[in-house]
Every structure is written in structure tokens, then in C-alpha cells.
Amino acid sequence: MDFASFLIQTLNSLQYGLLLFLVASGLTLVFGIMGIINLAHGSFYMIGAYLAFVLASATGSLFMAILLGVPLALIFGALLEWALFSHLYKRDHLEQVLLTYGLILIFEEVRSLLVGDEVHGVDIPAVFSASIPLSDVLSYPVYRLVISAVCIVLAVALYFVIQRTRLGMMIRAGNHDRVMVEALGININMIYRVVFALGVALAALAGMLAAPISSVFPNMGSHVLIISFVIVVIGGIGSVCGALVAALLIGFVDTFGKVIVPELSGLVVYVVMAMVLLWRPEGIFKKG
């Protein structure tokens, strides 16, 4: 592998890992803070991708699709938490699994009824459609660099919100001791609603950003859901920093695994997860 090829794979690893972080960060917040095993989280990624397809087709712009789609995802997440997930906090994990699995089936059926089962494409914005030459025959798409930059900005913003704001303080307190937070007069149910809506919006945004490079197709959230759970387990349940580190690790392992040992690429990620858990059963970062 020459340097240009190595650089391309490194950039692909970074972009893939950061995109996975957007999905996994919402999952680890919902799982770690609210105690909800949400099997439907990958469906929010799919919904985001289809929102990008529908809204970009209607407006002619992926920018407008994202500007419209993210608020819609936030509202959808808040309504979903109010209508369904708010009733699961004191129930066992089996009921959570059954409900969220049922949501996967519902989302897939609604998607089929509304937009069909065909594979769709979303155009890359013209301003980002160029490529940067890395050698005489190899170049790297500008849009992939834009995805990485957006994900980095969101990761920094998410860290700032959780670690440096009053809302973040209440989220961390609710993660540590819900009863004490309620005793202090904080509306923990509203905090949970904000966390869930944020998780849905992050997953949907990841789907919108990925739509032009991965296409939009049925059941596209399944693989992302599995990898996201792997990231949450490796990083530490409830840890956003852990999700970032684990997502970057999985991005590099998966991308280079497909290049170096393609016949074992589907196994390498899970081997890494097993090795990390043998070393630190609670994940790289402790909960919180």
C-alpha cells in the first residue's frame, strides 16, 4: 500500500468513525442515562437518510433538507418519548426490547408504503462535489472531508453542552441519581425527553450526511445499530467520550480490515470488542 492509498484509507476511517459517533452518542445517552435498550435507534438513522432523499428532492438542496430535517427529527423524538418511551423507565428490559423491535417493523412498513422499496440516491451539493488530488491517479472527495468536519464540530459542541452547561449538569446528575435530582425539584422527565430527542436528531443527521455516499435503501439502519451497540459497549455505557474513542477505533479497524483481510473483515470488529471487554469489562471509559 503506497502513501496515497494509506492516506485515503485513513481519511475514510476517520470519516466513518465520526459518522458512527453521531449515531452511537445518542444511543449511549439513551441507554446509559435513561436505561432504555432502544433497538429502534438504527431506524432513526434510516429515517434521516429518507428525509434527506425526500426533502432534497422537494427543495433541490441537501442543505435545505438538513435544515428542515433536523428540527423535524427533534420534534419526532420528543413526541415518541412522550407517547411511548416515557412509560418504559420503570419496566424491565424485555418490555423495552419488545416495544423497540416492534417500532423497527412499524418504521419499515411505513417507509415501504410512503417511498417504496427501491434504492435511492441523494446528490452531493455542487459546492462539495470536487475531489482533492493525492497522486497522479488517486483523489479524495471533498464531501467526505466536509462530513468529518461537521462531525468534529458536533462532537465538540456535544462535549461542551454536557460538561459546561446547566443542562449538561442536570443530565449528568440524572445519570448518577434520578431520585436525588427529582428531590431537588428538577423535572427529570423533561430532561429525559430532551436527551431522547437529541439522540434521535443525531442519528437522523448522521443518516442525512451519509445519504449521498451510501445511497438510501430499505433496512439500512440494521448494520448501523449493531455497530453502534458495539461502540457503546467498548466505550462504556453512558460515556460520550468513550463513544467517540470507540467509534474512531471501530472506524479504523473496520476500514483497514476490509483492505488488509477482506475475508475476515466482518469478524475483526467483534474480536476487538471481545479483547477490550477482557481488558476492561466496563468499557474503555466508566459510565457517566
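Keep in mind that the numbers below use all heavy atoms, side chains included, and drop hydrogens, waters and symmetry copies. Being a predicted model, the structure only gives us computed values, none of them experimental.
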Enquirer: Within this structure, what is the OH-CG distance for the pair Tyr192 and Asn187, rounded to the nearest 0.5 Å?
Expert: 11.5 Å
Enquirer: Could you note down all residue pairs passing side-chain hydrogen bond (donor to acceptor under 3.5 Å, both in side chains) where residues 206-224 supplies at least one of them, sequence neighbours left out?
Expert: Asn219-Ser222
Enquirer: Could you give all pairs that pass the side-chain hydrogen bond (donor to acceptor under 3.5 Å, both in side chains) test and reach residues 64-75, with sequence neighbours left out?
Expert: none
Enquirer: Any chance you could lay out the side-chain contact (heavy atoms from CB on, under 4.5 Å) test for Arg280 and Phe285, step after step, and finish with the verdict?
Expert: CA-CA 9 Å; Arg280 289 179 67 87; Phe285 288 74; over 6 Å; no
Enquirer: Extract all donor-acceptor atom pairs below 3.5 Å that involve side chains of residues 251-258 and protein atoms in other chains or at least two apart in sequence.
Expert:
unit_1	atom_1	unit_2	atom_2	d
Asp254	OD2	Lys258	NZ	3.3
Thr255	OG1	Gly251	O	2.8

Enquirer: Report yes or no: do Ile226 and Leu20 belong to one cluster of Ile/Leu/Val/Met/Phe/Trp/Tyr joined by side chain heavy-atom distances under 4.5 Å?
Expert: yes
Enquirer: Are Leu99 and Leu94 in one and the same hydrophobic cluster, where Ile, Leu, Val, Met, Phe, Trp and Tyr link if side-chain heavy atoms are under 4.5 Å apart?
Expert: no
Enquirer: Can you tell me how far CD1 of Ile186 sits from CD1 of Ile171, rounded to the nearest 0.5 angstrom?
Expert: 11.0 Å
Enquirer: Return the minimal non-hydrogen interatomic distance between Ser131 and Ser139, and the atom names on each side.
Expert: CB-OG, 3.6 Å
Enquirer: Enumerate donor-acceptor pairs with a distance under 3.5 Å from any side-chain N or O in residues 62-83 to protein atoms, sequence neighbours excluded.
Expert:
unit_1	atom_1	unit_2	atom_2	d
Glu81	OE1	Arg193	NE	2.5
Glu81	OE1	Arg193	NH2	3.3
Glu81	OE2	Tyr89	OH	2.3

Enquirer: Are side-chain heavy atoms of Pro212 and Ile124 found at a separation under 4.5 Å?
Expert: yes
Enquirer: Could you grab the distance from atom CG of Leu205 to atom OH of Tyr45, nearest 0.5 Å is fine?
Expert: 11.0 Å
Enquirer: Mind checking whether Cys151 and Phe21 have side chains closer than 4.5 Å, heavy atoms only?
Expert: no
Enquirer: Please determine whether residues Val276 and Leu278 belong to a single hydrophobic cluster, defined as Ile, Leu, Val, Met, Phe, Trp and Tyr linked transitively by side-chain heavy-atom distances below 4.5 Å.
Expert: no
Enquirer: Heavy atoms, side chains only, cut-off 4.5 Å: are Leu244 and Val240 in contact?
Expert: no
Enquirer: Can you name the residues that form a side-chain contact (heavy atoms from CB on, under 4.5 Å) with Val230, not counting sequence neighbours?
Expert: Ile234, Ile250, Val269, Tyr270, Met273
Enquirer: Hey, could you give me each pair passing side-chain hydrogen bond (donor to acceptor under 3.5 Å, both in side chains) that has a residue in residues 47-73? Not counting sequence neighbours.
Expert: none
Enquirer: If you apply the rule side-chain contact (heavy atoms from CB on, under 4.5 Å), what do you find for Ser25 with Leu158, and how did you get there?
Expert: CA-CA 9 Å; Ser25 59; Leu158 189 59; 3.9 Å; yes
Enquirer: Mind checking the CZ-CD1 spacing from Phe229 to Ile227? Nearest 0.5 Å is all I need.
Expert: 12.5 Å
Enquirer: So which atom in Gly235 and which in Ser239 form the shortest heavy-atom distance, rounded to 0.1 Å?
Expert: O-CB, 4.2 Å
Enquirer: Please identify each residue that fulfils ring pair (Phe, Tyr, Trp, His ring centres under 6.0 Å) with Phe53, with sequence neighbours left out.
Expert: His120
Enquirer: Would you tabulate the side-chain donor-acceptor contacts of residues 32-43 under 3.5 Å, counting partners in other chains and residues two or more places apart, or write 'none'?
Expert:
unit_1	atom_1	unit_2	atom_2	d
Asn38	OD1	Ala40	N	3.0
His41	NE2	Val23	O	2.9
His41	NE2	Leu27	N	3.4

Enquirer: Scan residues 95-112 for pairs that pass side-chain hydrogen bond (donor to acceptor under 3.5 Å, both in side chains), counting only residues two or more places apart or in two chains.
Expert: Arg91-Glu95, His93-Gln96, Glu108-Arg111, Arg111-Asp117, Ser112-Asp117
Enquirer: Is there a side-chain contact between Leu267 and Val261, using heavy atoms and a 4.5 Å cut-off?
Expert: no
Enquirer: Please write out which residues are connected to Leu113 in a hydrophobic cluster, directly or through intermediates, given that two of Ile, Leu, Val, Met, Phe, Trp, Tyr count as joined at side-chain heavy-atom separations below 4.5 angstrom.
Expert: none
Enquirer: Could you measure the distance from the CG atom of Leu167 to the CZ atom of Arg172? Nearest 0.5 Å is fine.
Expert: 10.0 Å
Enquirer: Quick one: do Leu154 and Val30 end up in the same hydrophobic cluster if we chain Ile, Leu, Val, Met, Phe, Trp and Tyr together by side-chain heavy atoms under 4.5 Å apart?
Expert: yes
Enquirer: Any non-hydrogen side-chain atom of Val259 less than 4.5 Å from a side-chain atom of Phe6?
Expert: no
Enquirer: Kindly give the heavy-atom pair with the smallest separation between Val122 and Ala211, and that separation in Å.
Expert: CG2-CB, 3.8 Å
Enquirer: Between side-chain atoms of residues 11-18 and protein atoms elsewhere (two or more places apart, or another chain), which donor-acceptor pairs fall under 3.5 Å?
Expert:
unit_1	atom_1	unit_2	atom_2	d
Asn12	OD1	Tyr140	OH	3.0
Asn12	ND2	Ile8	O	3.4
Ser13	OG	Gln9	O	2.7
Gln15	OE1	Arg144	NH1	2.5

Enquirer: Answer yes or no: does atom CE of Met169 have more than 12 heavy-atom neighbours from other residues, nucleotides or ligands under 6.0 Å?
Expert: yes
Enquirer: Within the structure provided, determine whether Val224 and Leu19 are in side-chain contact (heavy-atom separation under 4.5 Å).
Expert: no
Enquirer: Do Met275 and Ile231 share a hydrophobic cluster, counting only Ile, Leu, Val, Met, Phe, Trp and Tyr and linking them when any side-chain heavy atoms are less than 4.5 Å apart?
Expert: no
Enquirer: To the nearest 0.5 Å, what is the distance between CE on Met170 and CD1 on Ile191?
Expert: 4.0 Å
Enquirer: When you measure from the side chain of Tyr143 to the backbone of Leu209, do you find a donor-acceptor pair of N or O atoms at a distance under 3.5 Å?
Expert: yes
Enquirer: Taking only residues two or more places apart in sequence or in another chain, which ones pass side-chain contact (heavy atoms from CB on, under 4.5 Å) with Val142?
Expert: Phe128, Ala130, Ile132, Val146
